[in-house]
Every structure is written in structure tokens, then in C-alpha cells.
Amino acid sequence: MPYPTVQLLPDQDRRLRAGHPWAYSNELRMDAAAKALPPGAPVCLLTADGRRLALAQFNPHSLIAARILTRNTDATLDATFLERRLARALRLRERLFERPFYRLVHAEADGLPGLVIDRYGAVLVCQLNSAGMATLEEPLLEALERLLAPAVVVLRNDSPVRELEGLPSEVRIARGALAPPLELEENGLTFLADPLEGQKTGWYFDQRDNRAFAARLCRAERVLDLYSYSAGFGLVAAAAGATSVLAIDRSQQGLELAQASAGRNGLAGVLSVERREAFAALDELAAAKERFGVVIADPPAFVRSKKELKPGLRGYRKLARAGATLVKEEGFLALACCSHNVAAEAFADEVRRGLRDAGRSGRLIRQSGAGPDHPSHPFLAESSYLKFLVYALT
Ligand code: SAH
């Protein structure tokens with residue numbers, strides 16, 4: 001079946017030809033026919049001189065008006081197409097991980113724009129974050145059924161980005177039944193997560209390798225896991241031999257999961273949790289002259305839009321200063337930044353400034369990003385959102 005066509009404006013095809021997967025609304029000819037297409041409609045993108053460029057999902061109401069699915073303009077966007085993409089995503093994860101706990105689909109980077117799927121064994125938790133993906137819900141469920149026959153499929157369709165696509169916020173179980181919390185395995189431990197009411201899909205898989213790295217520094221140390229959520233960092237540190245781990249977060253639910261996971265792994269005696277505002281806690285710990293061998297801070301995105309850039313960058317600087325103040329001599333400071341609007345170098349600059357503000361210096365021992373189940377799209381900078389720096393301080 002031929003798809004309706006949407007045309008790029010003259011000279012607006014260079015970025016797409018270079019491999020970028022999106023066309024913005026101001027790059028497209030938004031004529032009456034285009035505007036009348038339902039949000040998420042499959043379309044064939046044409047260059048200004050009428051050549052067929054790609055098949056995309058189109059949303060006339062979104063700034064990201066077209067998301068490319070394939071450069072093969074003869075393809076059919078159905079369950080079979082989705083299954084092939086899902087199978088490719090699965091093959092990569094099966095090569096990377098022995099156990100079925102990972103991000104199975106990382107949106108554009110896996111050729112499935114707007115789609116996130118986290119896998120907790122037989123439970124799949126999906127986020128359909130674009131109008132295009134939302135229209136493919138049925139074929140997507142069919143493809144998942146054919147590929148993995150999951151016991152449970154949760155649609156965690158409550159991420160704020162859906163609003164930009166004109167989509168409602170909802171959480172729904174599309175297949176099976178679920179009584180949270182469920183268990184997942186990571187870094188040799190068992191963690192509890194709540195895919196229905198937890199943050200995001202219930203677990204932050206992106207920090208797996210960074211948790212393992214940070215844990216190596218924690219043996220026989222007192223550790224602060226700031227912005228801990230369910231203590232993914234703190235419990236791996238505890239298992240690696242930390243003498244004590246203090247997890248701080250403002251989410252009661254996250255801290256309860258952390259404690260339950262600690263119990264499950266025989267680490268309850270090492271972990272203590274405090275429900276606190278992070279900066280207030282940092283101030284108090286500093287005033288009490290508390291010191292830690294390792295301070296890990298994994299805050300929420302301080303910069304969620306371009307206009308938050310300046311105050312957000314100041315926030316990272318302040319966090320680095322306050323964190324460094326609590327690190328003992330020859331201890332370690334690990335800082336994460338998940339703001340996709342903040343470039344790696346800009347984040348690194350703020351951290352350096354923060355260290356200087358604290359009167360500390362040190363050696364940078366790790367600069368990394370998300371784990372490999374969160375691949376980056378080579379032409380979409382936003383897909384490499386996570387930055388992680390570890391300093392051995394002096
Ligand atoms: N480190 C966690 C993920 C943290 S996500 C892991 O490895 O899984 C960011 C966390 O910051 C969330 O749990 C959120 O509840 C918490 N948070 C956001 N603002 C906060 C604040 N002002 N004070 C304390 N915690 C905050």
C-alpha cells in the first residue's frame with residue numbers, strides 16, 4: 001500500500017541524507033494535505049524535487065514532525081517489520097548479557113523511534129513515546145508475542161515527552177497480570193523494582209557498568225549514594241565490601257525498594273536510607289564534618305529544556321563542590337548527568353569548576369556514558385544523554 005507523501009522544503013534534506021533520523025516541522029511543506037494527516041501516520045518523505053527519501057511516522061502537531069523508520073521506501077510498516085527490528089535489538093542484548101534484564105529497545109538507536117522497552121525476564125515494560133509508535137501498539141504487541149511470548153507487557157505510557165506528541169498519560173497492562181515488586185538481576189545482586197509505579201520503567205538499567213566501576217572503589221569505605229532511588233549504586237558498593245552506605249533520595253518508594261533489596265541480598269546491616277532533599281542533606285553533612293571514602297551523585301536532569309541550561313549548569317557545579325567537600329583525602333567522587341541538552345564537555349567543565357570551588361583537585365579516572373543496552377544513534381546527539389565522571393581526589 002503506498003503511503004501518503006510529505007515533502008521536504010528546498011535544501012532541507014541535507015541533514016537527513018547525512019543520516020539524521022528526524023525532520024522538524026519547519027523543514028517540511030506543511031500544506032493542507034499534510035496538516036490533515038492523523039498524528040503518527042506513516043508517510044513517504046520526498047525531497048523538494050520529488051525523490052523518495054524514506055518512510056517515516058508523521059505528526060503535524062509536533063516539532064519533531066517526521067521520524068524515519070526506514071530508508072527503504074518500498075517497505076511495509078507492519079508487525080513483520082517491527083519484529084525484524086526487535087529481533088535485531090534482541091540479538092545485540094543476547095550477545096552482551098547472560099541474563100534477560102536490560103533495555104531491549106532504545107528508540108531511534110535501535111531503529112524504532114519513540115519506543116523504549118525494558119526487559120525484566122518475562123516482563124516487558126514499554127514506553128510508546130511518539131504518536132507514530134502509539135499508532136503501532138497492536139502490531140508491536142503482536143511482534144513481541146511472536147518474538148518473546150512475554151508473560152506480561154506493561155505500557156508505561158506516562159513519560160512527560162508524550163505531551164509534546166499530544167498523547168495522554170496512562171499506565172496499562174496490555175498482556176498478562178502483574179503484582180509488583182518484581183525481581184531483576186544486575187551486577188550479581190537481586191533488586192526489586194516496581195514497573196507500574198516506580199520511576200521510568202521501574203529501574204535505571206543505564207547505570208549498570210558505572211555501578212560496577214564505582215563499586216570497585218568502595219571496599220572498606222564509607223559510601224554516600226546521593227539521589228540513590230532504589231540504591232543501584234549503593235547496594236553494588238555494599239556487596240563489594242563498603243563498611244556503610246548512606247542512600248539519600250526524596251522518593252520514599254525508591255528508598256523502600258532499596259531496603260527490601262538490601263534485605264534480599266543480606267546487606268541490610270550495611271545500608272541506611274534517608275528521605276531528604278539532596279542539597280539540604282549535603283549542607284548538613286558538611287556542617288557535621290562528615291566524610292566519605294566515596295561520594296556518588298546521580299541526580300535527575302537539571303536541564304530539561306534549553307532555557308534551563310544556565311541554572312542547570314550551575315546546579316552541576318554546585319553539586320560537584322558540595323560532593324567534593326564530603327570526600328575524604330584520597331577518596332573518590334562520581335558524578336552523573338543525564339540531561340541530554342548538556343554536552344559532555346560542558347558537564348566536565350562544571351565539575352572541574354565545582355572541584356576548584358571546593359579547593360580540591362584530583363585525577364579523572366573514568367569518563368563514560370550509559371551501558372551498551374542504551375546504544376547511541378550515530379547521528380542523533382540526544383541519544384547519548386548520559387555522562388559519568390569519576391575523580392580520585394587529592
Ligand atoms: N541513582 C539511581 C537513579 C537516580 S534517578 C539508580 O542508580 O538507580 C534520580 C533520583 O533523584 C530519583 O530517584 C529522584 O527521586 C531523586 N531526586 C530528584 N530530586 C531530588 C532532590 N531534590 N533531592 C533528593 N532526591 C531527588
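One-based numbering, in listed order, for ligands and for the atoms of each. Sequential numbering from 1 along the given sequence is applied to the chain's residues.
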Among Gln252, Glu274, Arg211, Gln253, the residue with a heavy atom nearest to atom 7 (O) of ligand 1 is Arg211
Could you establish whether Ser228 and ligand 1 come within less than 4.0 Å of each other, counting only heavy atoms on the residue side?
-> yes
Strictly under 6.0 Å, is that where the ring centroids of Tyr120 and Phe205 end up?
-> yes
Heavy-atom closest contact (Leu257 atom, Ser230 atom, distance) = CB-CB, 3.8 Å
Nearest-contact summary for atom 12 (C) of ligand 1 - protein heavy atom, Å | Gln199 OE1, 3.2 Å
Say whether Asn157 and Ser169, considering side chains only, have a donor N or O and an acceptor N or O under 3.5 Å apart.
-> no
In ligand 1, which numbered atoms sit nearer than 4.0 Å to a non-hydrogen atom of Glu277?
-> 21 (C), 22 (N), 23 (N)
List in chain and number order the residues that pass ring pair (Phe, Tyr, Trp, His ring centres under 6.0 Å) with His374, two or more places apart in sequence or in another chain; answer none if no residue qualifies.
-> His106
Sub-4.0 Å atoms of ligand 1 with respect to non-hydrogen atoms of Arg276 = 23 (N), 24 (C)
May I ask you to identify, for Tyr204, whether its side chain, its backbone, both or neither come under 4.0 Å of ligand 1 on a heavy-atom basis?
-> side chain
Atom 17 (N) of ligand 1: which of Phe191, Trp203, Tyr227 has the nearest heavy atom?
-> Tyr227
Any chance the side chains of Glu165 and Asn129 put a donor and an acceptor closer than 3.5 Å?
-> no
Should Pro300 be listed as contacting ligand 1, given a heavy-atom distance under 4.0 Å as the test?
-> yes
Among protein heavy atoms, which lies nearest atom 15 (O) of ligand 1, and at what distance?
-> Asp249 OD1, 2.6 Å
Distance filter under 4.0 Å to Ser251 heavy atoms, resulting ligand 1 atoms | 15 (O)
If you have a sec, work out which protein heavy atom is nearest atom 3 (C) of ligand 1 and how many Å separate them, to one decimal?
-> Asp298 OD2, 3.2 Å
Which of the ligand 1 atoms, numbered from 1, are nearer than 4.0 Å to a heavy atom of Phe233 | 1 (N), 7 (O)
Any sub-3.5 Å donor-acceptor pair from Arg119's side-chain atoms to Gly121's backbone N or O?
-> yes
